[in-house]
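Here is the structure we will look at.
Throughout, numbering of the chain's residues begins at 1 and tracks the sequence.
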Amino acid sequence: MKKSVPFARRFKQVVSGAMIALAASVAVIPAAQAEEKDSFKLAWSIYAGWIPWKYIDESGLMKKWADKYGISVEIVQINDYIESINQYSAGQFDGVVATSMDALSIPAAGGVDTTALIVGDYSNGNDGMVMKDSASVADLKGQQVNLVELSVSHYLLARALDSVGLSESDVTVVNTSDADMVAAFNTDDVRNVVTWNPLLDEILSQPGANRVFDSSQIPGHIKDLTIVNTETLRDNPALGKALVGAWFELMAEMGTDSEAGQKARAFLGEASATDQAGYEAQLAGMKMFWQPADAVAFIGSDEAYEAMDSVRQFSFEKGLLGEGADSPDFVGIAMPDGKTLGDTANIKLRFDTEYMQMAADGAL
């Protein structure tokens with residue numbers, strides 16, 4: 001199996017107030033795209049749960065579904081994950097891929113009304129904490145933990161500490177680039193890291209490395225989404241239908257051992273600098289929603305509601321909702337079935353299952 005390379009999805013260095021201010025300053029721009037139109041742009045960055053957009057593009061699936069609704073959709077790879085979200089927030093793209101935490105803390109917190117059109121998967125072991133010569137999270141008290149600060153790894157640490165009655169004040173967080181994580185763990189000074197695959201598996205192969213906590217213990221908390229501008233979607237339902245139709249047509253194939261499914265996984269393995277087996281290893285650490293009905297059922301569950309509540313609490317505690325946020329309620333979040341979190345007068349992140357339900361009903 002070829003050696004995997006770190007995927008760009010999680011690479012989120014410290015988010016400064018300036019970044020949030022930038023998001024806020026550009027929030028007015030997307031209003032210009034809130035009109036009926038026939039051409040759209042979607043940005044994506046490399047991660048196992050998002051790279052299917054590359055196959056959808058190059059296989060002709062996107063063109064097939066776009067033609068069905070009389071539109072065109074340009075799918076653009078952006079290597080810098082955070083920059084892709086910033087460009088979406090500035091109105092340069094109609095949609096982008098993002099984790100639920102980043103969808104909340106960047107465009108939504110910046111005032112860009114955003115809809116989670118597709119809930120593609122959640123991390124189910126691909127993110128984890130590794131300790132050297134220790135097998136208990138409780139042993140972290142007084143120790144340093146290396147991770148990408150303010151990323152989903154930081155969130156995972158918070159949940160791990162909470163599981164044993166500790167808090168972040170009991171440890172020292174050392175901000176470490178994902179590119180340096182494996183090398184850091186191989187030094188004598190670094191004993192604890194939180195990271196994601198493929199780095200996680202590489203670190204676990206080292207002598208004395210113990211997986212002590214991972215995302216399978218907080219199912220649904222680290223979600224991978226395809227998000228779109230809410231006003232654009234309202235004015236252009238064809239966009240929602242085409243994107244959801246193309247995505248779940250591929251998922252129906254990719255989740256099987258059919259010739260078409262294996263062809264897609266082999267393509268995506270090569271595209272992500274590994275091979276089919278390497279890509280399938282990534283998928284094994286994720287709960288993929290191969291069928292739209294499963295995605296709809298999950299995001300409408302109490303589990304998903306509670307997970308999003310936890311994410312927004314963490315985002316507020318870390319200042320990710322901006323300087324103007326005086327509580328976790330600052331940004332309203334609309335969940336399915338009329339449930340909401342936060343300020344109902346300031347709903348900026350919406351989990352709308354309308355289009356996924358249409359796919360489930362065969363109505364696209």
Flag, side chain of Asp180 to backbone of Ser177, donor-acceptor distance under 3.5 Å:
no
Inspect the contact between Glu58 and Lys54 and indicate whether a charged nitrogen and a carboxylate oxygen are less than 4.0 angstrom apart.
yes
Can you check whether Ala48's main-chain N or O pairs, donor with acceptor, with Tyr279's side chain at less than 3.5 Å?
yes
Indicate, with yes or no, if the rings of Phe330 and Phe316 have centres closer together than 6.0 Å.
no
Looking only at the aromatic ring of each residue, does the gap between the centers of Trp65 and Trp247 stay below 6.0 angstrom?
no
Any donor and acceptor pair, going by atom type alone, linking the side chain of Lys223 with main-chain N or O of Ala98 inside 3.5 Å?
no
Check this for me, if you would: do Glu168 and Lys318 make a salt bridge, where the nitrogen-to-carboxylate-oxygen distance has to be below 4.0 angstrom?
yes
Please check if the distance between the ring centroids of Tyr47 and Tyr81 is under 6.0 Å.
no
Would you tell me whether Thr187 and Asp189 have side-chain atoms, one donor and one acceptor, within less than 3.5 Å of each other?
no
Can any side-chain N or O of Tyr69 pair as donor or acceptor with the backbone N or O of Pro237 at less than 3.5 Å?
no
Within the distance-only criterion (no hydrogens, no angle test), does the side chain of Asn186 pair as donor or acceptor with the backbone N or O of Val182 below 3.5 angstrom?
yes
Any Lys/Arg nitrogen of Asp67 or Lys64 sitting under 4.0 Å from an Asp/Glu carboxylate oxygen of the other?
no
Distance only, no hydrogens: is a donor on one side chain within 3.5 Å (strictly under) of an acceptor on the other, for Trp53 and Thr226?
yes
Would you please say whether a donor-acceptor pair under 3.5 Å links the side chains of Ser167 and Ser169?
yes
Crowded around Lys63 NZ? As in, over 12 foreign heavy atoms under 6.0 Å?
no
Without swapping roles, check the side chain of Asp337 against the backbone of Lys339 for a donor-acceptor pair under 3.5 Å.
no
Main-chain N/O of Val174 paired with Thr176 side-chain donor or acceptor, under 3.5 Å:
yes
Indicate whether the side chain of Asp102 and that of Thr99 have a donor and an acceptor atom separated by less than 3.5 Å.
yes
Is there a salt bridge (Lys or Arg N to Asp or Glu O under 4.0 Å) between Lys37 and Asp235? Walk through the geometry before answering.
CA-CA 8 Å; Lys37 57 184 188 176; Asp235 288 348; over 6 Å; no
Going by atom types only, do Gln313 and Glu317 share a side-chain donor-acceptor pair under 3.5 Å?
no
May I ask you to check whether Thr115 and Thr230 show a side-chain donor-acceptor distance below 3.5 Å?
yes
So that I can tick it off, tell me whether Lys287 and Asp224 are bridged by a salt bridge, with the cut-off set at under 4.0 angstrom between side-chain N and carboxylate O.
no
Do you see a donor-acceptor pair shorter than 3.5 Å between the side chains of Asn192 and Gln143?
yes
Ring of Phe185, cation from Lys132 - is the NZ or CZ under 6.0 Å from the centre and inside 45° of the axis?
yes
Evaluate the criterion side chain to side chain donor-acceptor pair (under 3.5 Å) for residue pair Tyr122 and Ser100; output intermediate values, then yes/no.
CA-CA 10 Å; Tyr122 63 74; Ser100 52; over 6 Å; no
Pair Ser134, Asp139 - check side chain to side chain donor-acceptor pair (under 3.5 Å), show working.
CA-CA 7 Å; Ser134 176; Asp139 292 340; 2.7 Å; yes
Any side-chain donor near an acceptor of the partner, His221 and Tyr155, under 3.5 Å
yes
